[in-house]
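Step one of this worksheet: look at the structure below.
Just the heavy atoms: all of them, side chains too, but no hydrogens, waters or symmetry mates, feed the values below. Lettering of chains follows the sequences in order, A, B, ..., and the numbering in each one begins at 1.
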Number of protein chains: 4
Amino acid sequence: MLCPFNKPRWERRKEARPQELLAAALDLFVERGFAVTRLEDVAKRAGVSKGTLYLYFANKEELFKAVVRENILPVLGEAEAMIDSFEGNSIDLFRDIVLGWWERVGDTTLSGITKLILAESGNFPELAKFYHDEVISRGNAMIGRLLQRGIERGEFRQLEIQNLTKVIVAPIIMLMMWKHSFGACQIEPISPKDYLNSFIDLCLHGVLNDEVGA
Amino acid sequence: MLCPFNKPRWERRKEARPQELLAAALDLFVERGFAVTRLEDVAKRAGVSKGTLYLYFANKEELFKAVVRENILPVLGEAEAMIDSFEGNSIDLFRDIVLGWWERVGDTTLSGITKLILAESGNFPELAKFYHDEVISRGNAMIGRLLQRGIERGEFRQLEIQNLTKVIVAPIIMLMMWKHSFGACQIEPISPKDYLNSFIDLCLHGVLNDEVGA
Amino acid sequence: MLCPFNKPRWERRKEARPQELLAAALDLFVERGFAVTRLEDVAKRAGVSKGTLYLYFANKEELFKAVVRENILPVLGEAEAMIDSFEGNSIDLFRDIVLGWWERVGDTTLSGITKLILAESGNFPELAKFYHDEVISRGNAMIGRLLQRGIERGEFRQLEIQNLTKVIVAPIIMLMMWKHSFGACQIEPISPKDYLNSFIDLCLHGVLNDEVGA
Amino acid sequence: MLCPFNKPRWERRKEARPQELLAAALDLFVERGFAVTRLEDVAKRAGVSKGTLYLYFANKEELFKAVVRENILPVLGEAEAMIDSFEGNSIDLFRDIVLGWWERVGDTTLSGITKLILAESGNFPELAKFYHDEVISRGNAMIGRLLQRGIERGEFRQLEIQNLTKVIVAPIIMLMMWKHSFGACQIEPISPKDYLNSFIDLCLHGVLNDEVGA
DNA sequence: GATGAATGAGGCTTCATTCAT
DNA sequence: CATGAATGAAGCCTCATTCAT
């Protein structure tokens, strides 16, 4: 009785149960997709029975929302804070943001959520809107502020920010998508580090040979 | 009987059946995903009965595979010819490739195939591999050759081609994904023209302010 | 193939299936109650599978409504016609209506519907309203017209019709209730014939001994 | 400890528990029916937890039986005393009985018991029998004795008592049923006073116009 | 070939009941 | 005694698949 691991499972619930369920749901949703995942499997993976899920989440869709809310939003806040408090060069900031995002999100199961949303948005427009408003648009705004900062500091040239942010976000999202689609099938996995370095290099310098005088 | 146009209408109809079914299935699979699409809806959209589907496709999974196979093949080769025969400046070539791709693929139903594959790759790994080998990797190779051409002609600087191609392809794929996910939900649709111009501008020049002395 | 009874079950559907399902549902709803009746049992009694029910009725509640609609409404129309076309004495008409109602409704499974509605109205207010509007109030109006007719012809004394109709309808409804509650439990079954004769006698003459000078 | 009012409040509470549970259950059973009432709601209405119910009642069915048993007994005997001690006119006695019944039973929660029994008799035949023997048949006997008294005193004409009692009881029972079915749904609530006056008038005089020469 | 009625396995959800604290 | 988290059987409903015509 002294060791918590001796406690019967049901006793640990108030603290951990919802988190265990969310973790199990995240895994399975990412692995199989929302529509195909059976709640019974989520429960089984969390080590509880089917009915227990309904003590914590009203239905499958609410479970999905909770998974998104609990996992993605905290990370976003951190990144936003980083931009606003960063002191140095915008180039370094860009590099930090990109690599940090990969470390905190892309390289974790969380990246699967993005894939999930893009894949299943057709069936859950409400969820898609929720995710867009809470995650995508905030992410875009973050990159937009970063570009603005660089322009104001004279580090970046005059840029059309509106569309450019989406273009810049795209390769990061694609890297996450890749990991959970082709990557998950063992098809030509990409080296994130090399990919992201190429990405950063491209964003900074473009492809042109400036010495020739393009 | 040799010329299809001599056949009575219902007989031509009969031969067109599978194509009509595939088209209907493509639409619905793209819009809703594989698991959620009901065969009855596919049949209804094609104007036939549910049972008729099974005259042409053994089951739902085979229908999916046929949809992908039938729609992937026509895409191949379209753009490849373009690149090798082009004479002018690599910058113009890049611009033509990107905008031409959008016009001939991205802006057609075929872009839905890409979304479909990325979304359902987990459940159909062999299709994902097929799509990767026949489409994605050939697209990458195309961009790779384009970059190589630019470098050889001194128009592009020395570039690490392997990963860069994937980075450059990413925003194009994302544009297609967007069209079929958030775009389909009426959530902040992107203007492809503006997006692609920003993309081309970024790829060529990067974001740095060269005059400052980068 | 000549004899319809040799036909496979599924072939007879377009004509008879919905009626078979409604009959089975009526029996079980009356026997067990709406909430407790399982659709699988309804299907089984009709000799079909669970899914077949949903080809004809959207859900359990719609099935219930259809049972009421198909069974009760036609009988009501007949009774209404009888009142309007009857030529003779109002006393005879009253007797005919009461005994006819018993024959056509009370003595059949249909009487169970009334019990059902009264018992389960709490859970299905929408159904209760439907039944009240379509059946109860029409039945009351029918009796009301009968009383009015008798008064106008001088056969009945001046009566307060509004509440009296409900009072007169009550013993008829109770007889149906009884049959499906205590009667169904083998508890002191009532002889409908004697009960209705007492009822008619009471309605006509009351209990008072007029000779004494009431 | 002998006087309950000396006990601390929570201890009196403890003894009152079963009554509070039964009251809550009565309300909900009457309102929604047995099958549909959730024990959790019963517990909530009584202000206890679901588990507590099982400290007092073995299961849902036993709770139902207890509800009925506890509520039936107090009804008995209330009215019986009235009839045998009455001195005056049988007409006045009838009026007093009917109006008194409504006041003391029909207009209280106890009328719900009647509705409950009639509605659920199919699933609880032994309770139905109990209720019939202890309540219904005693009520009938009471009315029977009343009629007999009137006949013997020459106030009522010669009547067939056996069935007539049931006919006379019917509108009273129906008034209770109505209150808990259509009445509870806000569908055309009946004015008990007017209804009962019409009822009494009908029972005494019938509908015929005696002056015409009945 | 084409139909569409029929099937029945399977998923989501509810809730009576249990039981460790 | 009281709690309320946990269980799991059971019901409603969906839909891929079959098959007699």
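With rounding to whole Å, B:L28 atom CG is found 12 Å from F:dA16 atom P. Whole-Å rounding puts the D:D41 CG to E:dT14 P distance at 13 Å. C:E20 places its CD atom 13 Å from the C1' atom of E:dA5, with the value rounded to the nearest Å. When rounded to the nearest whole Å, the span between CG of B:L53 and C1' of E:dA5 equals 16 Å. Residue A:F57 contributes atom CZ, which lies 16 Å from atom C1' of E:dC12 at whole-angstrom precision. In this structure, A:F64 places its CZ atom 14 Å from P of E:dC12, rounding to the nearest Å.
Applying the side chain to side chain donor-acceptor pair (under 3.5 Å) rule to pairs touching residues 57-72 of chain C yields C:K65-C:E126, sequence neighbours excluded.
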Enumerate donor-acceptor pairs with a distance under 3.5 Å from any side-chain N or O in residues 21-37 of chain D to protein atoms, sequence neighbours excluded.
residue : atom : partner : partner atom : Å
D:D27   : OD2  : D:R45   : NH1          : 3.2
D:R32   : NH1  : D:D41   : OD2          : 3.0
D:T37   : OG1  : D:L28   : O            : 3.2
D:T37   : OG1  : D:G33   : O            : 2.7

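Residues satisfying the salt bridge (charged side-chain N to carboxylate O under 4.0 Å, His left out) test with C:K129, not counting sequence neighbours, are C:D133. Residues meeting the side chain to side chain donor-acceptor pair (under 3.5 Å) test with B:T114, sequence neighbours left out: B:Y131. Not counting sequence neighbours, the partners of D:S49 by the side chain to side chain donor-acceptor pair (under 3.5 Å) test are D:T52.
Across all strands shown, D:L55 has heavy atoms under 4.0 Å from base atoms, whether or not it also approaches the sugar-phosphate. Residue B:K50 is classed as a base contact, given a heavy-atom separation below 4.0 Å to a base.
If you check E:dG1, F:dC1, F:dA5 against the side chain of A:Y56, the one that comes closest is F:dA5. Of all nucleotides listed (F:dC12, F:dA16, F:dT3), F:dA16 comes nearest to the side chain of B:R38. Closest to the C:Y54 side chain, of the nucleotides F:dA6, E:dA16, F:dC12, is F:dC12.
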Under 3.5 Å for both distances, Watson-Crick or G-U wobble, that's the pair rule; now give the dot-bracket for DNA chain F, with | marking pairs to another strand and [ ] for crossing ones.
.||||||||||||||||||||
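Of the residues near DNA chain F, A:G51 and B:T37, the one whose nearest nucleotide (by heavy atom distance) lies more toward the 5' end is A:G51.
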